Amino acid sequence: MSDTTPAVEPHRYTADLAAEIESRWQDEWEKRGTFHAPNPTGPLGDPDGSADRPKAYVMDMFPYPSGAGLHVGHPLGYIATDVYSRYLRMTGHNVLHTLGYDAFGLPAEQYAVQTGTHPRVTTEANIANMRQQLRRLGLGHDSRRSVSTIDPGYYKWTQWIFLQIFNSWYDESAGRARPIAELVEQFAAGTRETPDGRPWSRLSAAERSSVLDDFRLAYAKQAPVNWCPGLGTVLANEEVTADGRSERGNFPVFRANLRQWMMRITAYADRLLGDLDLLDWPEAIKLQQRNWIGRSEGARVDFAVDGHDERITVFTTRPDTLFGATYMVLAPEHGLVDTVVADAWPEGVPGVWTGGAATPAEAVAAYRKQAQSKSDVERQTEGKDKTGVFTGAHAVNPVTGKRIPVFIADYVLMGYGTGAIMAVPGQDERDWEFAEAFELPIVRTVEPPEGWEGEAFTGQGPAINSANDEISLNGLAVGEAKQRITEWLEARGIGEGTVNYRLRDWLFSRQRYWGEPFPIVYDEEGVPHALPDSMLPVELPEIEDYSPRTFDPDDADTSPETPLSRNEEWVEATLDLGDGPKKYRRETNTMPNWAGSCWYELRYLDPENTEQVVDPAVEEYWMGPKAPGGSGGVDLYVGGAEHAVLHLLYARFWHKVLFDLGHVSSKEPFHRLFNQGMIQAYVYRDSRGFPVPAAEVEERDGKFFHQGEQVKRELGKMGKSLKNAVTPDEICAEYGADTLRLYEMAMGPLDVSRPWDTRAVIGSYRFLQRLWRNVVDESTGEVVVTDDEPDEATLRALHKTIDGVRADMEGLRFNTAIAKATELNNHLTKAGSVPRSVAEPLVLLVAPLAPHIAEELWRKLGHETSLVHEPFPVADPALVQDEAVTCVVQIKGKVKARLEVPPSISDSELEALALADAAVQSALGGADIRKVVVRAPKLVNIVPA
RNA sequence: GUCCCGGUAGCCCAAAGGCAGAGGCGAUGGUCUCAAACACCAUUCAGUGUGGGUUCGAAUCCCACUCGGGACACCA
C-alpha cells in the first residue's frame with residue numbers, strides 16, 4: 001500500500017502546514033497581547049508605550065453579525081486595514097485597530113423571528129461565529145476594544161448621548177449647541193422672550209416643556225412620517241428609496257401623521273456641508289452628502305391672498321422671475337389649503353381646473369384623498385403628468401398686482417421649502433407642463449437666445465417683461481436681477497434672501513423590539529422627562545413576544561404598535577426623579593439601528609470607562625486635530641459606499657453635538673474615508689432564469705453547463721440566494737489564511753469591484769510556497785539561506801523592491817506591492833541560492849500581507865521575537881537605480897535603437913551618443929534634423945525636418 | 001433625463017505624456033512520475049471600446065459617440 005501513497009515532502013508549505021502555523025501564531029499573538037494598543041492614560045493606559053511613537057487610528061465599518069455567515073467578499077476591507085495597520089506598526093506607529101459589532105436592528109430581529117429564537121441568543125451566537133471566522137484570518141485586532149452595540153455597558157452610553165442631545169439646543173447666534181439649561185436661564189431671566197410673550201414663571205410645566213421641545217436637538221413631535229406597514233415601523237427619509245419603498249425589504253412606504261422622535265440634524269446643515277472641505281474623502285461621497293443636504297440660495301416671498309389675512313409664503317431660487325409668476329401651487333397637505341379654499345367656483349372657471357367637482361372644497365378633498373391613497377411608487381410610475389385642482393382662491397403677485405389662481409398639486413412637495421411655490425412657467429419646465437395642461441398664461445421674463453424653440457428657458461439671459469412703476473429688472477443678468485428684486489422685497493417687508501436645505505430632521509424612533517430603549521419617561525400629564533444619568537442604562541426588557549406587529553404591506557390605513565408597550569410591568573414605573581417617588585410611563589419606541597454606529601469610534605478608544613463616554617485625554621490622543629483648525633478624527637476609515645448618506649451623515653451629526661458640548665476635541669469622526677470595491681461573483685442561471693449552484697457548473701469551449709444543461713453566466717453579487725457564495729473557511733481549508741489574504745489583496749486595486757475566481761487563488765499559494773522554499777528545505781526542514789553576499793543584480797532588485805513596496809503600502813496599492821514582492825521572490829528562485837541578507841528583508845516585506853508564514857520564517861531564520869514591531873526595510877537610494885539603463889532612441893516617436901547608458905548620463909552626452917548610433921544614422925538616411933528631445937537617461941526622440 | 005466612475009492579452013490586472021507588460025490565472029510544450037496530481041522550466045496572446053483633436057511623442061490630456069457599473073431624479 002505504501003507505494004501508492006504520494007510522497008509529499010514532509011516540510012512542504014501545504015494547507016495542513018499553513019493551518020498549523022496559522023493557529024499557532026494566532027494563539028501566540030493572543031497570549032502576548034501583541035495587538036494591544038496602549039492609551040496615554042486610563043485602564044488601557046501605558047504612557048511608556050505610546051509616548052514616543054506617532055499614533056494611527058485605523059477603522060473598518062463594523063459588521064452586522066449576519067446569521068448566514070461570511071463569504072469571501074466580507075473580509076476584503078478588514079484584510080486591507082489589517083495589512084495597512086501591520087505596515088504602520090512596522091514603521092513605528094502606535095496603531096489602534098479593532099472590530100466591534102453593530103448588532104441591534106431589523107435584520108437581527110427578522111432572523112430571530114424566523115428561527116423562533118430570542119434575538120439576543122441568535123445575535124450573540126452570530127457574533128461568536130463571526131469572531132471565529134475572522135480570527136482564522138489573522139486580523140491583528142485589539143480584542144479588548146471589540147465592543148458590541150447590544151451590550152448594556154455600551155448602550156448605556158448610546159442613551160447617555162441621546163440625553164446630551166435631548167438636553168441641548170442650537171444657539172444660532174453662537175453657531176453651536178448649548179445645554180438646554182442655559183436656554184431656561186435666558187427665559188427665566190427674561191433676556192429671551194417666550195413665544196407668546198408671557199413671563200416664563202407664568203407658564204405651566206407642560207407649557208414650558210412644549211416651548212423647550214421646539215428648541216431641543218431631540219424632540220418628539222406629531223409630523224408626517226414614513227410609515228411602512230410591511231415592516232411595522234416608521235422610517236427615516238434616508239431609509240426610503242427614491243421610488244417610495246423601504247430600503248430594507250422593498251415594501252411600500254406611506255405618509256402618516258404620527259408622534260415620533262426626531263433629531264434636529266437640520267440645525268447642523270451648514271456645518272455638515274462646510275466641514276466636508278476638511279475631510280479626505282472620495283469626491284463621490286462628498287458629492288452625495290452635498291446633494292442630500294441640498295443647500296440652495298434664494299428668497300422667501302410672501303403673497304397676499306385675495307379676501308384673506310393669511311399670506312402664502314414661498315421659497316424660490318429664482319426671485320428674478322417674479323414678474324412671470326402667473327399662478328401658485330400649494331402641496332396637497334399644506335396647512336393653508338383649508339383656510340383659503342373658496343366656497344364656490346368663480347364665474348367662468350375652466351372645466352379642467354375643477355376636477356369635475358361641484359365646489360372647490362369637494363375638488364380639494366377628492367384630490368387629497370387620491371394623492372394620499374397613492375403610495376409614492378404609484379405616483380412615480382404614473383409618470384410626471386401634472387395633476388392638480390384649483391382651490392377657488394386667488395393670490396396677488398406683489399410686483400404685477402395681478403390676481404393669480406392658487407392650485408394644489410402633488411408636484412409640489414410638503415417636505416421641501418415651504419410646501420408652496422410661485423409658478424413661473426416661462427422659466428421652469430415643471431411649471432410649463434402644468435401651465436399647458438391647465439391652460440394658464442405664460443410670461444417669459446428671461447430672454448431666450450435667438451432661435452430658441454424650446455419651452456421653459458432655464459438658462460442665463462437678460463430679464464424682460466419685468467418692470468413696474470417702482471422697479472425694473474429689464475436688461476439685467478439673472479444674478480443681478482436676483483439681487484435687485486431681493487433688496488426690493490426686503491425693503492417692502494414681503495420677502496428676504498434665504499437659504500433652504502433639502503435635508504430634513506432625522507426621524508429617530510422605531511416600533512421594533514431589538515433596539516436601544518429611550519431613556520425617557522412620561523408623567524401623568526404626558527410631559528416627557530429625561531432620566532438622570534444614574535438610572536442608565538435603561539435595559540431592554542426580556543419579553544415573550546418580541547415580534548413586530550406588521551401589516552399588509554399595501555394597507556396605508558394601519559398604525560404602528562411598539563412591542564415594548566405589550567409589557568405593562570416594564571412600562572409602568574415608579575421613580576424618584578428628584579421630587580419624590582411618582583408614577584411614570586416609559587417611552588416604548590426604540591432607537592434605530594444607526595444609533596449604535598453613530599459613536600462607536602469613540603468607544604473603541606476607551607471601552608472600559610464606566611465614568612465617561614470617553615476620557616478626553618484619550619480622545620485627544622487618538623482623534624484630536626493634528627493642526628489648529630483641522631478636523632481631527634479617525635486616520636483611515638474603510639467601508640462600502642452604500643453608507644454615503646446614512647451612517648456617515650448621522651455619525652458626523654452626533655460627533656458635532658459632542659464637540660459643541662465639549663466632550664470631544666475632534667470636529668469630525670472620520671478624517672480619511674476609503675471605499676473598498678465589491679468582490680463580485682459569476683451567477684449561472686438555467687433556462688428558467690433560476691440560479692444554479694456555481695460550484696457545479698462546468699466550462700466547455702467558452703460555454704457553461706450545469707448537469708448537462710447549458711446555463712447563462714452573468715456577473716453579480718456574491719450570496720446564498722444566487723448560489724455563488726464562497727466562504728473564507730473553504731479557502732482557508734484548501735490553501736490557508738495567508739493565501740486567502742494575499743489573493744484578496746492581489747486581485748486588483750482596493751477601490752475597484754472585481755469578480756472572484758477560485759481557480760486563480762492557487763497563484764497566491766504558489767507564491768507562498770516559493771517563498772517558503774527559498775528559506776526552508778522541503779525534505780529536511782533545514783534553513784537553506786546562505787551567509788554569502790548577494791550579487792549586484794540581486795542587491796539592486798532587493799532595494800528596488802523595498803522602495804516600490806513601501807510606496808505601494810503607503811498608497812494602499814497592495815496589488816502592485818504583491819507583484820513587486822513576487823518579482824523579487826521569482827528572482828531568488830531562479831538564482832538558486834538565497835543570501836540571508838535578502839531573505840530577511842523579503843520576509844519583512846511580505847509580513848503585513850501574509851503575517852503567519854512571515855512570523856514562522858522569521859523564527860526559522862533565528863529570531864526569538866515576533867516581527868510585528870520589527871522595522872520595515874528601508875531602501876538604499878543608491879541601489880534603487882540600475883547600474884545601466886536602456887535608453888530608447890526614437891525617430892518621430894518610433895523606436896529605432898537602444899543604448900545601454902549609465903543612469904547619470906547628461907542630456908548632451910546622450911544626444912551625441914544617440915546621433916552617433918549606426919542604426920539611427922541609417923534610419924535617418926542623411927535627413928536634416930529639426931529637433932531632438934532628450935529625456936536622460938531613458939529616451940531620445942529625433943524629429944527629422 | 002442629469003451627474004460620477006470605468007473599458008489594456010481568453011480572464012483578473014500593471015504601466016510620473018516617453019520601449020504597451022510588473023504580477024497572477026488559463027492554454028500549450030517540456031522536466032519529474034509506471035501513470036497522474038503537485039511542483040519546476042519554457043512558450044503563447046493585445047497595440048489599449050470607436051472616431052476626432054492637442055503634442056516631437058497619447059493607454060495616459062481634450063471633445064464627441066458607444067458599452068458596462070454606480071448615484072440622483074417633479075427639491076421650486
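By convention in this document, chain letters (A, B, ...) are assigned in the order of the sequence lines, proteins followed by strands, and residues within each chain are numbered from 1. Predicted model, so just to flag it, every value in this text is computed and none were measured.
- Between the side chain of A/Gln769 and the backbone N or O of A/Tyr13 there is at least one donor-acceptor pair closer than 3.5 Å.
- Side-chain N/O atoms of A/Arg502 include one lying less than 4.0 angstrom from OP1 or OP2 on B/A73.
- Checking B/C56, B/A76, B/A71 against the side-chain heavy atoms of A/Ile421 singles out B/A76 as nearest.
- Taking the six-membered ring for Trp and the full ring otherwise, A/Phe434 and A/Phe407 have centroids separated by under 6.0 Å.
- Contact annotation for A/Ala760: backbone-only contact, meaning every heavy-atom pair under 4.0 Å involves sugar-phosphate atoms and none involves a base.
- Here the rule is side-chain contact (heavy atoms from CB on, under 4.5 Å) with A/Val805, and of A/Asp808, A/Asp803, A/Thr801 only A/Thr801 fits it.
- Relative to the side chain of A/Leu939, the nucleotides B/C74, B/C13, B/G18 differ in distance, and B/G18 lies closest.
- Remark: B/A35 base-pairs with no nucleotide; criterion is Watson-Crick or G-U wobble with both hydrogen-bond distances under 3.5 Å.
- Atom CG in A/Leu17 sits roughly 15 Å away from atom C1' in B/C38 (whole-Å rounding).
- Distances from the side chain of A/Arg12 to the nucleotides B/C38, B/A76, B/C13 place B/C38 closest.
- Phosphate proximity of B/C40 to A/Arg773: present, with a side-chain N or O under 4.0 Å from OP1 or OP2.
- Put simply, CG on A/Asp808 is 12 Å from C1' on B/G23, counting in whole angstrom units.
- A/Gln890 comes within contact range of at least one nucleobase, with a heavy-atom separation under 4.0 Å.
- In this structure, A/Lys892 places its NZ atom 8 Å from P of B/G57, rounding to the nearest Å.
- One interatomic measurement links the two molecules: CZ of A/Arg290 to P of B/U2, which rounds to 22 Å at whole-angstrom precision.
- Put simply, the side chain of A/Lys482 gets close to the backbone of A/Thr317: a donor and an acceptor are under 3.5 Å apart.
- Ranking B/A39, B/C12, B/C19 by closeness to the A/Pro755 side chain, first place goes to B/C12.
- Counting only heavy atoms from C-beta on, A/Phe315 has its side chain closest to B/A76 among B/C38, B/C25, B/A76.
- OP1 and OP2 of B/C12 both lie 4.0 Å or more from every side-chain N or O belonging to A/Asn815.
- For A/Arg766 and B/C25, the shortest distance from a side-chain N or O to OP1 or OP2 is below 4.0 Å.
- Of the listed nucleotides (B/G24, B/A76, B/A39), B/G24 has the atom at the smallest distance from the side chain of A/Asn826.
- With B/C74, B/C41, B/A76 as the candidates, the nucleotide lying closest to the side chain of A/Lys386 is B/C74.
- Note on A/Arg770: every side-chain N or O is 4.0 Å or more away from OP1 and OP2 of B/A39.
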Starting from the C-alpha separation in whole Å, work towards a yes-or-no answer on side chain to side chain contact (heavy atoms under 4.5 Å, CB included) for A/Glu455 and A/Ile442.
CA-CA 10 Å; A/Glu455 300 179 330; A/Ile442 295 168; over 6 Å; no

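- As a whole-Å value, the separation of A/Ile762 CD1 from B/G23 P is 19 Å.
- Set against B/G24, B/C56, B/A76, the side chain of A/Val943 has B/C56 as its closest nucleotide.
- In this entry B/G18 has B/C56 as its Watson-Crick or G-U wobble partner, both defining distances falling under 3.5 Å.
- Annotation: side chain of A/Tyr743 is not in contact with side chain of A/Val72 (no heavy-atom distance under 4.5 Å).
- Between A/Lys931 and A/Arg754, the residue whose closest nucleotide on RNA chain B is further toward the 5' end is A/Arg754.
- The distance from atom CD1 of A/Ile802 to atom P of B/A22 is 21 Å, rounded to the nearest whole Å.
- Nucleotide B/G69 carries an anti base; the chi torsion (O4'-C1'-N9-C4 or O4'-C1'-N1-C2) is more than 90° from 0.
- Regarding A/Glu429, its CD atom lies at a distance of 17 Å from the P atom of B/A73, rounded to whole Å.
- Nucleotide B/G68 holds its C1' atom 13 Å from the OH atom of A/Tyr682, rounded to whole Å.
- Among the nucleotides B/A22, B/A76, B/C13, the one closest to any side-chain atom of A/Thr816 is B/A22.
- Between B/G18, B/C19, B/A14, one nucleotide has an atom nearer to the side chain of A/Val933 than all others, and that is B/G18.
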